[in-house]
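Position 1 is the first residue of the sequence; numbering continues from there. Nothing here was measured: the structure is a model prediction, and the numbers come from that model.
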Amino acid sequence: MTVLQEARTTPLQNVGRGVLGSFMVGAGTGHLSFARGPFQAQVPDWVPMDKDLVVLLSGVVEIGLGLSLLFDKRHRIPLGLGLAAFFAAVFPGNLHQYDKRLSAFGLDTDRKRLVRLFFQPVLMAWALWSTGARKALR
């Protein structure tokens, strides 16, 4: 069995994957609609694209990843790896929000913004665990 072939996941992992997929679809929907402004606060100034376009594109990616987590049973491991990479790729946005002291999503203090930084590795681990990618990489 290669690392990208399907590994069995437990019922708890399946629930975790469903929750994460639903979260991703919800967050992506927010990128495209009601939360576009707050998400723009997370786009670092050094990104060479319009902040609104970055938010829209990342929203499409989030919806696609979320739906894939929910419905694609054949590619769970690559999806887990891709989602973990996505969470790593957007981490500079969280750093930007902390560094520039930008309030969005109720993160209106330095402490709240700092605590959020530690949640990103949790999301990465959740993606790897719930898809079986963590076990496949071992």
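Placement of Phe34 and Leu57 in two distinct hydrophobic clusters is found when ILVMFWY residues are connected by side-chain heavy-atom separations under 4.5 Å, directly or transitively. A single hydrophobic cluster is seen to contain both Phe87 and Leu79, as judged by linkage of ILVMFWY side chains at heavy-atom distances under 4.5 Å, directly or through other members. Cluster membership for Phe118 and Leu102, using ILVMFWY side-chain heavy atoms within less than 4.5 angstrom, is not shared. In this structure, Leu69 is a member of the same hydrophobic cluster as Leu123, with clusters built from ILVMFWY side-chain heavy atoms closer than 4.5 Å. Hydrophobic clustering, with ILVMFWY side chains joined whenever heavy atoms are under 4.5 angstrom apart, keeps Ile63 apart from Phe23.
Counting only heavy atoms from C-beta outward, the side chains of Leu117 and Phe91 approach each other to under 4.5 Å.
Nearest approach of Met124 to Ala88, heavy atoms of both residues: CE-CB, 3.8 Å. Taking all atoms of both residues into account, the shortest heavy-atom contact from His96 to Ala41 is CD2-O, 3.3 Å.
Annotation: side-chain hydrogen bond (donor to acceptor under 3.5 Å, both in side chains) contacts of Gln40 (sequence neighbours excluded): Asp52.
To the nearest 0.5 Å, atoms CZ (Arg116) and CD (Gln42) are separated by 4.0 Å.
Looking only at atom types and distance, the side chain of Asp72 has a donor-acceptor partner in the side chain of His75 under 3.5 Å away.
With Arg101 as reference, Asp110 is the one residue of Thr109, Asp110, Asp108 to meet the side chain to side chain donor-acceptor pair (under 3.5 Å) rule.
Ion pairing between a basic and an acidic side chain is recognised when a charged N comes within 4.0 Å of a carboxylate O; Lys51 and Asp45 show such pairing.
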